[in-house]
Amino acid sequence: MNLPMLGHTHGNRSAVTCHLKCDSACASPPPNTSSEPTFAEIARGQVSRRALLIGGGALAAGAAAPALAPQLAAATEGKRAPGESAIRGSLPFQPIAPVDAAEDAMTVPPGYEWTPILRWGDPLFHNSPAFDPENPNAEAQELQFGYNNDYLDIIVTDRAGREALLVCNHEYTNRAIMFPPSDNEAQEAEVLRTLMAAHGFSVVELKRRGKGRPWTYVRGGEKNNRITASSLFSLTGPAAGSDLVKTAADPSGKRVYGTLGNCAGGTTPWGTVLSGEENFNGYFVADPTAQGNARYGLTNKPSSYSFEKVDPRFDATKPDYKNEPNRFGYIVEIDPTDPTATPRKHTAMGRMKHEGANIRVDEDGTVAAYMGDDERFDYLYKFVAKKKYRAGDSAAARRHNLSLLTEGDLYVAKFSGVQNPGNDNLGRGTWVPLTQNGESVVPGMSTAEVLVFTRLAADKMKATPMDRPEDVEPNPRTGKVYVACTNNSQRGADGKPAIDPANPRPANKDGHIIELTEHKNKAGATTFEWNLFLVCGNPEDAGTYFGGWDGPVAPISCPDNVAFDSTGNLWISTDGAPSGIGKADGLYRVPVLGKERGHVVQFLAVPNQAETSGPVIHDQDGSVFVAVQHPGEDGSWDEQQSYFPDYVPAGSRPDRGDWRGPRPSVVQVTRA
Ligand code: FEO
Ligand code: CA
Ligand code: CA
């Protein structure tokens with residue numbers, strides 16, 4: 001694929017990542033032109049009350065310098081920070097210092113070592129061909145581990161802790177560094193089919209000798225499975241079968257081939273895995289004047305991936321396929337325990353650039369899913385299932401729970417800056433219903449329209465435009481919900497309202513994390529309280545505020561995926577730190593409770609141009625897992641060939657093997 005000119009300002013990522021991952025959304029005006037007050041405006045009053053403000057810009061005149069900088073030295077020198085050992089029950093480690101963005105290595109704490117479990121192209125089945133990037137082949141790729149792993153879970157399946165299922169998704173591909181240039185059209189067509197096969201999901205059995213030992217994958221495991229951009233999915237919920245999702249090839253409107261752009265996700269209490277179809281627009285050529293298309297960034301220029309050259313359904317300017325893009329942008333649910341099960345896309349949970357979904361189940365069985373729509377000035381959502389969760393693993397309970405996400409109500413968040421009397425750190429908010437009792441409550445929109453053009457519905461209901469909500473996850477220990485707002489290059493620009501420099505900054509490059517508490521801590525609540533848990537950045541920079549901890553903190557930028565350890569500490573992986581704080585992306589731990597609340601330390605850093613994804617924290621097992629996505633993204637095939645002319649595997653990057661080019665990989669970090 002020929003990359004177009006990449007001359008635009010591309011925010012926090014490399015231009016190539018921007019182009020491939022989100023069709024360079026940053027280069028265009030945000031598709032939400034709502035005039036609702038932005039999150040920054042709402043938060044302004046809230047943060048200005050806090051003590052550790054570090055002024056910048058207009059507000060900075062006379063502002064005190066931060067007291068944090070001297071203490072930062074201890075953390076950045078890799079010493080054990082004061083109080084480090086006081087965090088009980090979790091993985092003890094000496095925080096690492098921030099790593100140079102150009103460093104082409106995994107960096108882990110002293111006393112830990114890392115090994116890849118699976119790399120792009122690893123053979124998953126007995127009949128899988130060996131990895132051979134010189135000869136791209138779609139059939140081979142369907143039997144091999146996919147590209148650009150993002151969401152990840154390692155689900156231990158036996159009491160002895162020796163068997164597990166690895167589940168991860170494969171968000172997108174980078175043709176330029178994966179395969180050599182083609183000599184002719186037929187060759188390139190095979191490349192495109194191979195790229196389609198490198199999308200989707202992998203489910204792979206793992207084994208190890210005992211707890212705390214490194215895992216290896218089981219080639220030919222019974223549960224091993226690949227789902228691709230061509231696999232059959234069923235569409236569930238009220239919009240399934242509606243005219244909006246019918247095509248000439250699928251007059252039922254219930255059978256969709258493939259899943260695309262899967263980003264973050266969550267594992268449900270009933271054992272399935274959810275994932276969000278995020279930047280699906282980049283795969284289609286479409287009529288930008290058709291209903292909803294502009295709001296989802298669909299254009300009629302050639303797609304970033306060129307799949308329309310090998311599969312006509314990606315050209316939605318053709319009448320037969322005009323609704324094909326309406327069949328992407330959903331939360332998908334896959335059952336990793338059953339490779340024969342048809343994966344599903346749930347229309348009841350709305351259509352957007354879904355980052356992911358995480359489930360909370362209350363004691364009374366109420367099920368809520370928290371979801372972000374990752375685009376500048378897009379929204380935070382919650383889905384509440386109609387039926388209650390049924391405990392136990394009987395076949396009947398399982399069947400019941402598998403139906404939970406097909407029926408329920410969808411809400412969008414509206415934040416208010418009203419101070420909570422008696423507690424000046426808390427703002428308030430409302431979950432505004434888009435559907436109630438499963439039916440539209442949005443004026444002028446049918447239920448199917450609300451669920452297929454959810455952004456338009458949320459616009460009408462005047463939801464609060466956010467700073468790119470990524471992973472949204474309830475803390476299993478407390479029920480509080482953490483919302484990672486990764487950054488927003490447009491804040492304060494292009495006629496957007498000016499913002500308070502004490503808050504997420506104009507052109508907010510470092511992002512922040514919101515802590516949301518449901519009313520009476522109930523999953524089904526329709527109101528909530530919130531505060532800013534963490535405003536990210538470099539503590540040495542004016543304009544950065546860290547939440548609540550006045551000891552040393554690690555610089556952190558662009559929070560993306562989050563996870564919790566067994567004691568409820570928040571772990572944050574980042575995507576975009578090189579453009580934010582000028583350091584490599586990494587994985588960080590921060591307690592949310594107790595006297596160390598807000599104490600950010602760094603656990604690992606990923607290689608050059610990679611993003612840290614899918615953290616999984618098995619602290620009681622001494623293990624941490626990350627999906628290393630898009631290492632070496634900006635390279636070319638020729639560069640990959642000579643990327644490591646003197647490559648020595650020991651302790652280097654997650655690409656051990658015969659091929660020298662960088663391979664997206666799932667990496668485990670265990671005690672040495
Ligand atoms: Fe694929 Fe929103 O990150
Ligand atoms: Ca993400
Ligand atoms: Ca997560």
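Both ligands and their constituent atoms are indexed starting at 1 by order of listing. Values in this document were obtained by computation on a predicted structure and should not be read as measured data. Starting from 1, each residue takes its place in the sequence as its number.
In this structure, Val562 and Glu470 have side chains that are not in contact, with every pair of non-hydrogen atoms separated by 4.5 Å or more. The shortest side-chain heavy-atom distance between Phe528 and Trp431 falls under the 4.5 Å cut-off. Annotation: side chain of Val667 is not in contact with side chain of Phe625 (no heavy-atom distance under 4.5 Å). Side-chain contact between Tyr112 and Thr670 is absent, with no heavy atoms from C-beta onward closer than 4.5 Å.
Glu355 has its closest N, O or S atom to atom 2 (Fe) of ligand 1 at the position named OE1. In terms of distance to atom 2 (Fe) of ligand 1, the nearest N, O or S atom of Glu470 is named OE1. Within Glu278, the N, O or S atom at minimum distance from atom 2 (Fe) of ligand 1 carries the name OE2. Minimum-distance N/O/S atom of Glu473 relative to the Ca ion (ligand 3): OE1. The N, O or S atom of Asp374 with the smallest distance to atom 2 (Fe) of ligand 1 is OD2. Asp471 contributes OD2 as its N, O or S atom closest to the Ca ion (ligand 3). Taking atom 1 (Fe) of ligand 1 as reference, Glu171 places its N/O/S atom OE2 nearest.
Atom 1 (Fe) of ligand 1 has no N, O or S atom of Cys22 under 2.8 Å away, backbone or side chain. Among the atoms of Val562, an N, O or S atom is found under 3.0 Å from the Ca ion (ligand 3).
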Audit row: His199, Thr228, side chain to side chain contact (heavy atoms under 4.5 Å, CB included) steps and yes/no:
CA-CA 5 Å; His199 280 71; Thr228 73; 5.7 Å; no

Can you list the steps and then say if Asn174 with Tyr147 is a side chain to side chain contact (heavy atoms under 4.5 Å, CB included)?
CA-CA 9 Å; Asn174 182 346; Tyr147 201 75; 4.2 Å; yes

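For the residue pair Lys414 / Thr464, no side-chain donor-acceptor distance below 3.5 Å is found, with atom types taken as modelled.
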